[in-house]
Chemist: 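Please find one structure pasted underneath; my questions will follow.
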Amino acid sequence: RVQFDLWDSDDVPVPRKELLQKVKGVDALVCVLTEKIDAELLDAAGPNLKVLSTMSVGFDHLSLEELKKSILLQLCVYVCVGIRVGYTPDVLTDSVAELTVALLLTTSRRLIEATHEAKSGGWGTWRTLWLCGYELANSTVGILGLGRIGVAIAERLKPFKVKKFIYTDVAPRPELASLIDAEYVSMDELASQSDFLTVCCALTPETKDICNKDLFSKMKNTSIFINTSRGGVVDQEDLYEALSSGQIAGAGLDVTVPEPLPTSHPLFTLNNCVILPHIASASYSTRNAMSALAANNLLLGLKGQPMIKELKL
């Protein structure tokens with residue numbers, strides 16, 4: 001009973017010009033991270049747009065202020081509920097946590113370097129300190145932004161005999177912290193104490209470039225930095241300087257700015273930086289669950305019923 005128009009390509013995102021043309025007069029829109037939902041798009045869609053469903057847990061590609069303005073306008077002029085927004089948290093927690101652990105181990109144990117050496121003939125006689133890395137046993141793991149994913153990461157790392165989990169957030173989160181016996185610390189303490197620092201916070205105006213020269217300068221030169229949240233939380237120039245100067249030992253990134261990161265970017269020249277193409281949720285079961293949740297959020301929103309996962313604006 002729903003008529004829909006589908007951009008049927010997994011290789012390239014829908015061109016902006018075509019998207020602006022296609023959204024005219026629609027009642028609902030499903031989007032992914034590659035689509036910027038801003039004033040221009042909302043104006044192009046017009047007053048019929050009532051439901052927006054994003055196939056993502058993050059929503060930094062949505063202009064929330066513009067969505068709020070649209071809601072106020074529609075409430076005032078049309079006396080209706082305005083635009084409702086569905087998203088897909090929870091269903092990707094396990095896959096993101098697994099990928100984060102995989103990236104952490106790959107970076108800390110220098111697996112990409114080791115694979116290259118084995119393939120290129122660099123594997124010669126046994127050497128005492130060749131390709132040595134850092135192990136999790138007896139280490140302190142820091143979590144920047146403790147939520148469901150941060151807890152899931154810690155639960156997977158605990159069997160590696162991690163000595164201590166610490167975290168920082170906008171405020172202490174005792175209920176979540178108690179699940180992994182994590183201690184709340186300041187940002188400075190998080191930087192200085194962590195042997196492994198994993199970023200799990202959302203990208204907001206407050207967290208943009210929060211991982212910068214100041215943070216890296218306080219970290220140990222044996223520390224491993226991991227980011228599977230959003231590229232915008234890291235100042236990449238400062239990260240490059242920290243890695244190339246030996247201020248920190250290594251970094252693993254699943255997210256960058258921009259995406260894709262140009263192959264000419266300086267970070268790609270560093271052996272101690274592992275960069276993945278934003279694949280944290282890329283498991284068959286997770287992507288299927290995200291797709292179903294995004295579709296059901298949209299259909300429920302069109303019916304005026306409670307969404308399974310709705311973003312409160």
Side-chain angles (χ1 to χ4, degrees), residues 57 89-115 118 129-169 172-185 187 189-202 211 215 219-230 233 248-255 272-276 278-290:
V57 62
D90 301 337
V91 295
L92 47 66
T93 298
D94 288 334
S95 62
V96 173
E98 288 178 7
L99 188 281
T100 303
V101 172
L103 182 56
L104 185 152
L105 290 169
T106 296
T107 305
S108 63
R109 296 304 300 270
R110 303 170 65 181
L111 299 188
I112 303 299
E113 290 179 78
T115 299
L129 296 178
W130 186 53
L131 290 174
C132 281
Y134 299 93
E135 58 189 62
L136 281 158
N138 299 310
S139 69
T140 296
V141 173
I143 301 169
L144 175 55
L146 186 65
R148 295 177 299 271
I149 292 174
V151 169
I153 291 168
E155 289 173 339
R156 285 159 174 77
L157 291 177
K158 193 171 184 179
F160 286 88
K161 299 182 180 179
V162 170
K163 179 177 66 176
K164 184 179 182 182
F165 290 103
I166 58 177
Y167 77 99
T168 195
D169 211 315
R173 307 194 69 178
E175 290 186 9
L176 286 174
S178 65
L179 298 175
I180 55 173
D181 194 23
E183 176 188 348
Y184 179 77
V185 297
M187 191 72 164
E189 291 174 311
L190 186 80
S192 62
Q193 293 184 34
S194 296
D195 296 300
F196 300 87
L197 199 165
T198 179
V199 182
C200 304
C201 62
C211 299
L215 176 82
M219 293 175 66
K220 306 172 185 179
N221 60 11
T222 55
S223 294
I224 302 295
F225 176 83
I226 303 294
N227 183 21
T228 54
S229 59
R230 286 291 183 268
V233 303
I248 63 175
L253 310 174
D254 184 49
V255 286
N272 58 345
C273 187
V274 177
I275 301 174
L276 303 179
H278 202 152
I279 58 168
S281 65
S283 72
Y284 290 111
S285 57
T286 292
R287 291 289 170 84
N288 285 335
M290 290 173 70

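When reading the values below, keep in mind they use all heavy atoms of this one structure, side chains included, and skip hydrogens, waters and symmetry mates. Numbers here simply count residues along the sequence, with the first being 1.
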Chemist: Of K163, R173, K164, which is the lone residue that meets salt bridge (charged side-chain N to carboxylate O under 4.0 Å, His left out) with E183?
Modeler: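 The option that passes is K164.
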Chemist: Locate the shortest heavy-atom distance separating Q193 from K220; write the atom from each residue and the value.
Modeler: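 Between these two residues, the closest heavy atoms are O-NZ, 3.3 Å.
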Chemist: Just how far is it from atom CD1 of I226 to atom OG of S108, taken to the nearest 0.5 Å?
Modeler: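 Output value for this atom pair is 7.5 Å.
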Chemist: Got T107 and F225 here, is their nearest side-chain heavy-atom distance under 4.5 Å?
Modeler: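 Sidechains of F225 and T107: no contact.
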Chemist: Any idea which heavy atoms bring C201 and V233 closest together, and the distance?
Modeler: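 In terms of heavy atoms, the two residues are closest at SG-CG1, 4.0 Å.
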Chemist: Between the main-chain N or O of N272 and the side-chain N or O of R110, is there a donor-acceptor pair closer than 3.5 Å?
Modeler: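 Side chain of R110 to backbone of N272: no pair is present.
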Chemist: For a 4.5 angstrom cut-off between non-hydrogen side-chain atoms, does I166 reach E189?
Modeler: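 I166 does not reach E189 side chain to side chain.
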Chemist: What is the distance from atom CG of N288 to atom OG of S283, rounded to the nearest 0.5 Å?
Modeler: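 It is 8.5 Å, given to the nearest 0.5 Å.
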Chemist: Can you give me every donor-acceptor pair (side chain of residues 94-102, partner residue at least two apart or in another chain, under 3.5 Å) with its distance?
Modeler:
{"residue": "D94", "atom": "OD1", "partner": "R156", "partner atom": "NH2", "Å": "2.9"}
{"residue": "S95", "atom": "OG", "partner": "L92", "partner atom": "O", "Å": "3.1"}
{"residue": "S95", "atom": "OG", "partner": "T286", "partner atom": "OG1", "Å": "3.2"}
{"residue": "T100", "atom": "OG1", "partner": "V96", "partner atom": "O", "Å": "2.7"}
{"residue": "T100", "atom": "OG1", "partner": "T228", "partner atom": "OG1", "Å": "2.9"}

Chemist: Rounded to the nearest 0.5 Å, what separation is found between the CE atom of M187 and the CG atom of L215?
Modeler: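 So the CE of M187 and the CG of L215 are separated by 5.0 Å.
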Chemist: Starting from the C-alpha separation in whole Å, work towards a yes-or-no answer on side-chain contact (heavy atoms from CB on, under 4.5 Å) for D254 and I279.
Modeler: CA-CA 7 Å; D254 184 49; I279 58 168; 3.6 Å; yes
Chemist: State the CD-OG1 distance between E113 and T115, to the nearest 0.5 angstrom.
Modeler: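 The OG1 atom of T115 is 10.0 Å from CD of E113, to the nearest 0.5 Å.
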Chemist: Measuring from N227:CG to T198:OG1, what's the distance to the nearest 0.5 Å?
Modeler: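 Interatomic distance, N227 CG to T198 OG1, rounded to 0.5 Å: 7.5 Å.
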Chemist: Where is the tightest heavy-atom contact between L197 and A191, given as atom of each residue plus distance?
Modeler: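 In terms of heavy atoms, the two residues are closest at CD1-CA, 4.3 Å.
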Chemist: Could you work out, with ring pair (Phe, Tyr, Trp, His ring centres under 6.0 Å) as the rule, every residue matching Y167, not counting sequence neighbours?
Modeler: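 Y167: ring pair (Phe, Tyr, Trp, His ring centres under 6.0 Å) contacts with Y184.
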Chemist: Return the minimal non-hydrogen interatomic distance between S223 and S194, and the atom names on each side.
Modeler: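 Heavy atoms only, the tightest pair is OG-O, 2.9 Å.
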Chemist: State, yes or no, whether a side-chain contact exists between F165 and L157 at a heavy-atom distance under 4.5 Å.
Modeler: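 The answer is yes, as the side chains (C-beta and beyond) meet within the 4.5 Å cut-off.
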Chemist: Any idea which heavy atoms bring S229 and V255 closest together, and the distance?
Modeler: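 Taking every non-hydrogen atom into account, O-CG1, 3.6 Å.
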Chemist: Between CD1 of I248 and CG of N221, what distance do you get to the nearest 0.5 Å?
Modeler: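 Between I248 CD1 and N221 CG, I get 10.5 Å after rounding to 0.5 Å.
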Chemist: For residues 132-153, tabulate all N or O donor-acceptor pairs below 3.5 Å that involve a side-chain atom, not counting sequence neighbours.
Modeler:
{"residue": "S139", "atom": "OG", "partner": "L136", "partner atom": "O", "Å": "2.6"}
{"residue": "R148", "atom": "NE", "partner": "D90", "partner atom": "OD1", "Å": "2.6"}

